[in-house]
Amino acid sequence: MSLPKIFGLYTVCFLGVTILIGIAEVAFGLPNRWIGWIFMGLSLGIYIVIGIITRTSNPDQYYVAGRGVPAVFNGMATGSDWMSAASFISMAGALSALGFSGLAYVMGWTGGYLLLAVFLGPYLRQFGAYTIPDFLGARYGGHFARVIGVIAAIACSFTYLIAQVTGVGLIVSRFIGLDFQIGVFVGLIGVLFCSVLGGMRSVTWTQVAQYIILIVSYLVPVVYLSYQMFAIPVPELTYGQLLQINNTKAIEITRDAKEKETRALWKKDADEANAKIKMGSLSDPEVDKLKAAAKTATQQATAPAASDDAKISRYLTVPSGTGMWNFLALTFCLMVGTAGLPHILTRYYTTPSVRQARTSVAWSLFFIFLLYFTAPAYAAFARFAIYVKLVGTQIAELPRWITLWQPAGLFEVVDKNGDGIVQWADFVVKSTDFVVLSMPEVAGLPFVITGLVMAGGLAAALSTADGLLLTIANAFSHDLYYNVIDPKASLTKRLTITKVLLVVTALVAAWVATFRVAIIVELVAWAFSLAGASFFPALVMGIWWKRANKAGACVGMIAGLTVTAYYMIGSRFYDVSWFGTQTIASAVFGLPVGFVTIWLVSLVTEAPPQQIQDLVASVRYPKSGQAVTGDPLGRDIPAGAH
Amino acid sequence: MAAQGSLAIFVIEIAAYAYLMNKHDVKYGIREEG
């Protein structure tokens, strides 16, 4: 059976099972917790079965899926590899909350694929390595560049992995009521079955299956709402109309006397908290508590519109001065960071040819586009539902979704003026994640759709965790152990070490995740700058400039990483500020330093050997790479089927 | 809406780039089999 037929059948079966669960819920009153368990068991079961079916011990299959993944499927796998729990759950709410500045994230994360398509993806495929440090080692010679690549790959990927594992724990614990600590380990079973048994081969096909679940679960609630309101099942077309309705509603609400009274009470709270802070003589924890209270009170006193046109102007006002610099710097850093993330770059090693690698980047962005393009519609429908179904209701008769989700801590409804009626300013948003997670209930859909959204969130977190885990384990086992420590290691020994490292890395990540360290979320944002400053200059110069040599690349990567890390730590903890740049955009300094250093040091040191210069020229011609399969360093690796 | 536009433009740009580069591979006789 062909791949499109297999995955077509899989999609139909998944939808069929979802419908059956829906019927069981409506007709037989299937309890919510059971639905949660069924969806989690079903999705983890699918991933485990794929892991078993595609298990392999062939190194080409294990490291790069046999370089046989067609462009469309690699695009789907890259889409789910890229879209983490944060994209799935947080994107819609964040876009709604950030206004214009949210555009930097959308443009940065997606524009990075443009850089990847033009400068890196097809050429890395032509080179035919297994990992990104592999390319650095072979292109620049010796172990030093490879080891720096390993350190950078682990630094970028590990914090990212912890965030995904945390996402898995949250989803599992919220939907099926397990403890967070247990939820983390239950979720990891799905990840480990794939990566341990079949490496990149299993991870690839699991990610394709995960993409299908992810996109179906994301689209179903919002398509339904669009159809329900406008009789057009294309939310991307209808939400513009809804934004206008929402704006009119916001103006009405802002003019309401009860709303004004509620806002005035919040403002009074904010003023009182600020006054106490100014008085001094308070301990640090008390000040932090007051600052948080003042922030919430100010937010409630002003949202969504302090004046009639504020809501619109917030979205249309283009920042200027430092604001514009930060906007552009952040966009730039996210673009180069996306193009430099090792777990994404490795995906383009798996296509059969350079041509398919190019096409695959286009498919990747198309599949990401499907979700990102829909995210703002989610935000608009959620806001509408709150205006219409929540504002003006009696506190004693809150809608079901409020009572269901309030304990999760994503939002809170408080009767500020004590009139027993919910005003807009009574709805305190603590996390914009509620937009996606509670949408099915907001829309009045059965719990089966909530279960579907849970399966989608789980798929998003697990697929990214899969890719990251494999990148970290391969960096240790293939790049560090096999290429540096023991180049004569047998294939069996190498794969055994990789598998053991996969389990150990997953367990360490899960253990760290159980501490729920707040800084992790921040570190994930830093990963883009670290990846951009370390990998991007060395990879681009390695492909596009024959004269770039080992000394230049090593010093350039270290310089880029050092400057970026210095500014990150300095601006975050020690009030360092260069042109008012925010911490998340630190690579805006590190990346140019990396490029210039590679260029200068390469020029003043010896040119690379002719053999390497010929290699650089050859990666630009697709046909010349037809024989480049397996180990790029030309070592004879016995290939054994499982 | 600007965010949506930038997304759509990026997808179109990459698709056009891939199409044109693949066409050039054929023109200069360096197209692969895969």
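First the proteins, then the strands, lettered A, B, ... as listed; each starts at 1.
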Among the options A:V118, A:V361, A:T351, A:T359, pick out the one with the most heavy-atom pairs lying under 4.5 Å from chain B.
-> A:V118

Most contact-rich option vs chain B, by heavy-atom pairs under 4.5 angstrom, among A:G111, A:S364, A:A375, is A:G111

4.5 Å side-chain heavy-atom contact, A:P352 and A:R67 = no

Quick one: are the ring centres of A:F88 and A:Y218 less than 6.0 Å apart?
-> yes

Any chance the rings of A:F381 and A:Y239 have centres within less than 6.0 Å?
-> no

Interface moiety of A:Y105 toward chain B, non-hydrogen atoms closer than 4.5 Å |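 A:Y105 has no heavy atom closer than 4.5 Å to chain B.
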
Is it the backbone or the side chain of B:D25 that comes under 4.5 Å from a heavy atom of chain A, or both, or neither?
->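 B:D25 touches chain A through side-chain heavy atoms alone.
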
Test log, rule side chain to side chain donor-acceptor pair (under 3.5 Å), inputs A:R347 and A:T204 = CA-CA 8 Å; A:R347 285 240 49 93; A:T204 298; 2.9 Å; yes

